[in-house]
Enquirer: 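I'd like to ask you about the structure that follows.
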Protein chains: 2
Amino acid sequence: MLKPEKISKRQLILAEAAKLFKDRGYSGTSMRDLAGQVGMEAASMYNHIKAKDEILASICFRISDLYISQLGEISATAASYGDKIKALIRLHIRLMVEDGPAVSVANHDWKYLPEPKLGEFKQARKTYEKGFAALIEAGIAAGEFQPVNVSVALFTILSAVRWIELWYRPGRELSAEELEANIITVLLHGLERK
Amino acid sequence: MLKPEKISKRQLILAEAAKLFKDRGYSGTSMRDLAGQVGMEAASMYNHIKAKDEILASICFRISDLYISQLGEISATAASYGDKIKALIRLHIRLMVEDGPAVSVANHDWKYLPEPKLGEFKQARKTYEKGFAALIEAGIAAGEFQPVNVSVALFTILSAVRWIELWYRPGRELSAEELEANIITVLLHGLERK
DNA sequence: TTGGATAACAAACATTAGTTAGTTTTGGCT
DNA sequence: AGCCAAAACTAACTAATGTTTGTTATCCAA
């Protein structure tokens, strides 16, 4: 007795919600707006989701889980710290390009999560940041990186990738690979010529 | 017959609005919330402002005007392109540190501006980005910068400064000057050691 | 074909939104 | 002291919010 359609309807709602939340914000998106986009009445959506904030939680935690599991994999490889950071930057860029709306929501609208979800999400983010920072710190200790403040480097890198959501459209002059190469050049080697 | 208190009340509303908009978003902030923060009834605020979206517009255009005028000044100096970019990065950091909530609102909530204000704001932003990009392009042409994609460099720099709003508190371990030095190091010279 | 769950609907709920109207209080000027 | 405008208040309005209720339609399994 499989019900692939039920999962599919729920995920359709989640996908459309991510797009609307990204464009209009969580508070700026009404359940009727979302229903219109999905193609049903607002009341009907409650057959697939429990509440509006459950939609938000679903989107946010799917993304944070993804980041954390990928960070674990990348950390465990035998690559240099520079290559690990590059892999993480590529991960961020790929996720943003492939799953843009959901990533945007996880970046901006997580603050509308009600407790206790809010606390859980903050902790997940902190876990990720700690793991990322540890790589930068180890890279500095190993002499691979410049001795900058770790938090500054961490957040500069994390933020430097967020503009993609506002700017990048697949099929622009730039391919995803060129995008990666250019961003990594600026962040790892710097804008100025040596 | 001066009325300094009237200006002051309006600016108190704008200042509190920027803080609330930053924390809860424009749609997530009610006029009653704001009134509570200001210390009056919601209806009373209409003696000082015309409408909720006028508050938003006031905040956004004050910031965009500031950026554009500063860009003009910096562009007109005789410094190297590297120094001009550094001066702009410093400007962004200083504004974020000194006027954080308003800068955050101009960064995130401008999209809730109603037309025709929305179009005007987008154009102002485009003007600023064009001017900033011109400096990067000239720097590349002069051989000062690496030959990266100009848009990528531009947005990477602009975004790299936004995390400050979420992270920096005056009186943290890092002074504003150290913050500037570290961010400029990462962006201009790169994380990796040469 | 029919029974029972799944999912759609229209209608309504209580609450909150931004804003206006009407009235009272405040505070400086003559 | 007394006036007058600025600015505060209470009350109310309409529209929109998230969600619930009760009912109908859909659809697969027996």
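Hydrogens, waters and symmetry mates are skipped; everything else that's a heavy atom, side chains included, is used. Naming convention: chains lettered A, B, ... in sequence-line order (proteins, then strands); numbering from 1 in each chain.
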Enquirer: Please tell me if A/Lys9 has a side-chain N or O lying less than 4.0 Å from either OP1 or OP2 of C/dA8.
Expert: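 Yes, within the criterion.
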Enquirer: Has the side chain of B/Asn47 got a donor or acceptor atom sitting under 3.5 Å from an opposite partner on the base of D/dA8?
Expert: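 Counting by modelled atom types and ignoring angles, a donor-acceptor contact under 3.5 Å is found here.
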Enquirer: Are A/Ile68 and A/Ile157 linked, directly or through other ILVMFWY residues, by side chains that come within less than 4.5 angstrom of each other?
Expert: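 A/Ile68 clusters together with A/Ile157.
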Enquirer: Would you mind reading off the distance between B/Met45 atom CE and D/dA7 atom C1', rounded to a whole angstrom?
Expert: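 Distance, rounded to whole Å: 13 Å.
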Enquirer: Check the distance between D/dG18's P and A/Met40's CE and give it to me in whole angstrom.
Expert: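 In whole Å, D/dG18 P and A/Met40 CE are 16 Å from each other.
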Enquirer: Please classify the nucleic acid contact of B/Glu41 as base, sugar-phosphate, or nothing, using heavy-atom distances under 4.0 Å.
Expert: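 Here B/Glu41 touches the bases of the nucleic acid.
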Enquirer: Rounded to whole Å, how long is the line connecting atom CD1 of A/Ile49 with atom P of C/dA7?
Expert: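 A/Ile49 atom CD1 is separated from C/dA7 atom P by 13 Å.
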Enquirer: Could you state the CE-P distance from A/Met31 to C/dA11, rounded to the nearest angstrom?
Expert: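 Checked: the CE to P distance equals 20 Å.
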Enquirer: Within the pair B/Ser44 and D/dC9, is there a side-chain N or O less than 4.0 Å away from OP1 or OP2?
Expert: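 B/Ser44 to D/dC9 OP1/OP2: side-chain N or O found under 4.0 Å.
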Enquirer: Assign each of A/Gly28 and A/Lys50 to its nearest nucleotide of DNA chain D by heavy atoms, then name whichever residue's nucleotide is nearer the 5' end.
Expert: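 Here A/Gly28 is the residue nearer the 5' end.
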Enquirer: Rounded to the nearest angstrom, tell me the gap between atom OH in B/Tyr112 and atom C1' in C/dG18.
Expert: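 In whole Å, C/dG18 C1' and B/Tyr112 OH are 17 Å from each other.
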Enquirer: Expressed as a whole number of angstroms, how long is the span from A/Lys52:NZ to D/dG18:C1'?
Expert: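 One finds 8 Å between C1' of D/dG18 and NZ of A/Lys52, rounded.
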Enquirer: Think B/His48 has a side-chain N or O under 4.0 angstrom from the OP1 or OP2 of D/dA6?
Expert: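 Looking at the OP1 and OP2 atoms of D/dA6, neither is under 4.0 Å from any side-chain N or O of B/His48.
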Enquirer: Whole angstroms only, please: what is the CG-P distance between B/Leu12 and D/dA8?
Expert: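 Nearest whole value for this atom pair: 10 Å.
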Enquirer: Rounded off to whole Å, could you give me the OH-to-P distance for the A/Tyr46 and C/dC13 pair?
Expert: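 After rounding, the gap between these two atoms is 18 Å.
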Enquirer: Would you mind classifying the nucleic acid contact of B/Ser27 as base, sugar-phosphate or nothing, using non-hydrogen atoms under 4.0 angstrom?
Expert: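 No contact.
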Enquirer: Both A/Arg32 and A/Gly39 contact DNA chain C. Taking the nearest nucleotide for each, which residue is further toward the 5' end?
Expert: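 Between the two, 5'-proximity favours A/Gly39.
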Enquirer: Does B/Asp53 come within less than 4.0 Å of B/Lys117, counting only side-chain N to carboxylate O?
Expert: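 So B/Asp53 does not pair with B/Lys117 through a salt bridge.
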Enquirer: Can we say B/Lys86 and B/Glu180 salt-bridge, meaning some charged N sits less than 4.0 Å from an Asp/Glu carboxylate O?
Expert: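 Salt bridge absent between B/Lys86 and B/Glu180.
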Enquirer: Please report whether the ring centroid of B/Phe121 lies less than 6.0 Å from that of B/Phe61.
Expert: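 Yes; B/Phe121 has its ring centre under 6.0 Å from that of B/Phe61.
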Enquirer: Please determine if a side-chain N or O atom of A/Ser30 lies less than 4.0 Å away from the OP1 or OP2 oxygen of D/dA16.
Expert: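 A/Ser30 to D/dA16 OP1/OP2: no side-chain N or O under 4.0 Å.
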Enquirer: Any salt bridge between A/Glu129 and A/Lys126, counting N to O under 4.0 Å?
Expert: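 Salt bridge absent between A/Glu129 and A/Lys126.
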Enquirer: Can you tell which of C/dT19, C/dT20, D/dT20 lies closest to the side chain of A/Ala43?
Expert: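 Closest nucleotide among those given: D/dT20.
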